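Structure, as structure tokens:
All values derive from a computational prediction rather than experimental measurement. Every chain is numbered from 1 and lettered A, B, ... according to where its sequence line falls, protein lines coming before strand lines.
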2 protein chains.
Amino acid sequence: MQSTHLREHNLSAILRALAAAGGPISRAGLAAATGLTKPTVSKQVEELIDGGLIAEGTPVSMGAGRPMVPLRLAEGTLAAIGLEVTADHLSCLALDLGGRVLVRRDSEAPLAQEEPSRAVEQGAALVREVLAELGALPVAGLVVAVPGRIAPDDGRVLSAPNLTWENVPYVRELVAVLEEPSFPVSAQNDNRLSVLTELDARPGGSFLYVRGSTGVGGAVVLGGEVLDGAHGWAGEFGHTVVVPDGELCRCGRRGCLEAYISRHSLAQRAGLDPDVRLEDLVDRLAASRDRAEVIGVIGRSLGLAVANALNVLDLETVVLSGYLAPIAEEITPVVRETVQRHALAAEAGPIAIDRADSLADPALHGAARAALAPVFADPGAWMARGR
Amino acid sequence: MQSTHLREHNLSAILRALAAAGGPISRAGLAAATGLTKPTVSKQVEELIDGGLIAEGTPVSMGAGRPMVPLRLAEGTLAAIGLEVTADHLSCLALDLGGRVLVRRDSEAPLAQEEPSRAVEQGAALVREVLAELGALPVAGLVVAVPGRIAPDDGRVLSAPNLTWENVPYVRELVAVLEEPSFPVSAQNDNRLSVLTELDARPGGSFLYVRGSTGVGGAVVLGGEVLDGAHGWAGEFGHTVVVPDGELCRCGRRGCLEAYISRHSLAQRAGLDPDVRLEDLVDRLAASRDRAEVIGVIGRSLGLAVANALNVLDLETVVLSGYLAPIAEEITPVVRETVQRHALAAEAGPIAIDRADSLADPALHGAARAALAPVFADPGAWMARGR
DNA sequence: GCTCTTAGTAAGTTTCCGTAACTAATCTAT
DNA sequence: ATAGATTAGTTACGGAAACTTACTAAGAGC
């Protein structure tokens, strides 16, 4: 490591420590949190304040001694934009560094029936509305949440079944329509972005994240880092085999987890229209007369897939999200029973099966958060922009 | 990061780069590999030479220009000791920094029938023999490879079925018998240590390591780092469920991978004595008339477990080791077919299923290597020892 | 009002790395 | 043979970052 990088590293460490603190914190507190000395922290903090990333509050007395000057992430000094593309609507959200919502715009549109170019146009229009609202506020980046697989190299959408997209260079086209924006644009899988929102509530945690939406996706978080894998699909265990030579899955394989707990399969199992809207599915399930059977199937197949994943990863926590969150209380007993029966880690202690902190639109928020990441990773570069 | 740590960091980076180079390398080469400048590297190298961690060779001309001074890891200046405990023998190995074998001692003894205290005595005796042979050579550490589960906090052996051990504080007792050795002593699972040996051949790689011994263990390697997990048994997927409500496993569960491909199960399936020695099992299998069926069962169940693990981890490489290595060629076609059928990652490209570089006693070598790790992690601390 | 305690600042020092220029040793071409 | 090109490694200097020590600031408790 070069000596130049030391400063960048510490600048980032201080900013991250401030974010991790959860609330206002003094320079002395940051020094304790980072292991740096007070003079060093003071110098860096001064720079971060000048750069508009940190704000000072009015001194607060905390018992004996000189009152601390509370520091917090600056609000309203920059924006990071998330854009979520789904089969029936688009949403765009701008957050500031402190995670406050600056602007939000939505547009309803059945994109699944349309050409991808329509989604490009509509997405660009929504982003432009948000940018107009933001005025001259500098933008750190734009991240697009897509319900499909993304090529790790060029950000192409390899496939998004619900959108009926195959090999769509969405980001490239969006950039073209936006006419060379001054900020970086990228795309990521919606499940992987959702987990970032969950990570806010569990900083530095390690857990398996399972999200039920149209399919079943997820992510693996190890020590606060989302595992990437060779192609960026780590944790996508919708196609874990739970029953060898079992039911046919829409992916063409047999016995996949998705074949048992995806929207289509669930709807069929409950005797509902397979195209039932996701939001309605849970309520309909509750009204179905085969409720216990449905819960049993979800719980057992999910439990088996989770147990196998836990055996490989040796994790202690599972977080259920998406349509699994609202029914978490019901399915958890079955899932827990299955996991305890099959997971090795259960021998060392109980496995925690939690419901996601149910913030609305976790993928959208996660996308905006992901757009913020470069600022945290290298605050110096952000502050030096344009120079 | 404090400025003091920068030096340690770079010292370690240089030493690691030297090890990763695989052969002699010049100061200029190290500068290129680490991104540091030549003067910086020269200064650090001087210190490492003084500290006995690096040795200079005689200049070698590489075409035009001044000949390089080849640098290599010092040989015979320090020792790291590995001790392997199995059901029927003990082995002790001392390596120097460059990985050269300094001393090796073995003792045959059916430990499974004895009290753990016998294993402590015999292990200590073997270590003492090795220490005597090493003379005054400084010892970096001792790592014990145990075929069982180790508590991550205090190194207690939680359970080692083949040794019929339960909750044995082997390390603590070994340290007591050795009368407070000057070096650190720790224990680790044998599979996790074996993978370190494999990692020598795949520096910085990411792969799933599957080792068939009495049971079926393994490890997950991500970017050259062995994944720990919450309890230090990540990758131990012998108890992955491959057939729900399938065959009874000795762990009491049903349908575990081990129930299909462990030594006992294999021997039974091939109609052999269930206590057949592991070394003989492969040959006997080859002579068995049910060969195709055995290969089929191993391949399909292993393939399914591997495919599920790959779906969660998104890896591209699987390494077969232990008794799976010699039969790798035979089972690979079946495993590959099963993996390709079920693994999502297979859609992006072929999954490599490799045989481990079959070094004898990978766990023993891995243990000694693990004992070397602290020196690579902080060469400065090692060189400053006793001061 | 005095002392104690904690937050934050200022000045000077140390440590470490980088830059630039140099020497060293070999190969190559004339 | 000898000069020039080329690559390895060293020396001397300068700058950047963080640490140490000592200080000031401001409130709490007696």
With DNA chain C as reference, determine whether A/Gly29 or B/Gly63 sits nearer its 5' end, using the nearest nucleotide of each.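 Going by which nucleotide is closer to the 5' end, it is A/Gly29.
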On DNA chain C, check which nucleotide each of A/Ala64 and A/Ser3 is closest to and give me the residue with the more 5' one.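 Nearest-nucleotide comparison on DNA chain C picks A/Ala64.
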Got a salt bridge between A/Arg27 and A/Glu56, using NZ or NE/NH1/NH2 to carboxylate O under 4.0 Å?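 Yes, this pair counts.
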Candidates [options] - which lies nearest the side chain of [X]:
| X | options | value |
| --- | --- | --- |
| B/Arg27 | D/dT7, C/dG8, D/dT10 | D/dT10 |
| A/Leu6 | D/dA17, D/dC19, D/dA8 | D/dA17 |
| B/Thr37 | C/dG18, D/dA18, D/dT10 | C/dG18 |
| B/Arg7 | D/dT10, C/dC17, D/dA8 | C/dC17 |
| A/Gln2 | C/dG18, C/dA25, D/dA28 | C/dG18 |
| A/Val69 | D/dT20, D/dG9, C/dG8 | C/dG8 |
| A/Ser61 | C/dT19, D/dA17, D/dG27 | D/dG27 |

Do the side-chain N or O atoms of [X] get closer than 4.0 angstrom to the phosphate oxygens (OP1, OP2) of [N]?
| X | N | answer |
| --- | --- | --- |
| A/Ser42 | C/dT9 | yes |
| A/Asn10 | D/dA18 | yes |
| B/Ser26 | D/dG9 | yes |

Which is true for A/Gln44 with a 4.0 Å heavy-atom rule: it touches a base, it touches only sugar-phosphate, or it touches nothing?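 Result for A/Gln44 = sugar-phosphate.
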Classify A/Pro39 by what it touches in the nucleic acid, base, sugar-phosphate, or nothing, heavy-atom distance under 4.0 Å.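 Contact class for A/Pro39: base.
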For [X] and [N], what is the distance between atoms [atom1] and [atom2] respectively, to the nearest whole Å?
| X | N | atom1 | atom2 | result |
| --- | --- | --- | --- | --- |
| B/Lys38 | D/dC13 | NZ | C1' | 17 Å |
| B/Lys43 | C/dC16 | NZ | P | 8 Å |
| A/Leu71 | C/dG8 | CG | C1' | 11 Å |
| A/Leu36 | C/dG8 | CG | P | 15 Å |
| B/Ile14 | C/dC16 | CD1 | C1' | 12 Å |

Donor-acceptor pair present, A/Arg66 side chain and D/dA26 base, under 3.5 Å: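 There is none.
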Under 6.0 Å from the CD atom of A/Glu75, do we count more than 12 heavy atoms belonging to anything else shown?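 Yes.
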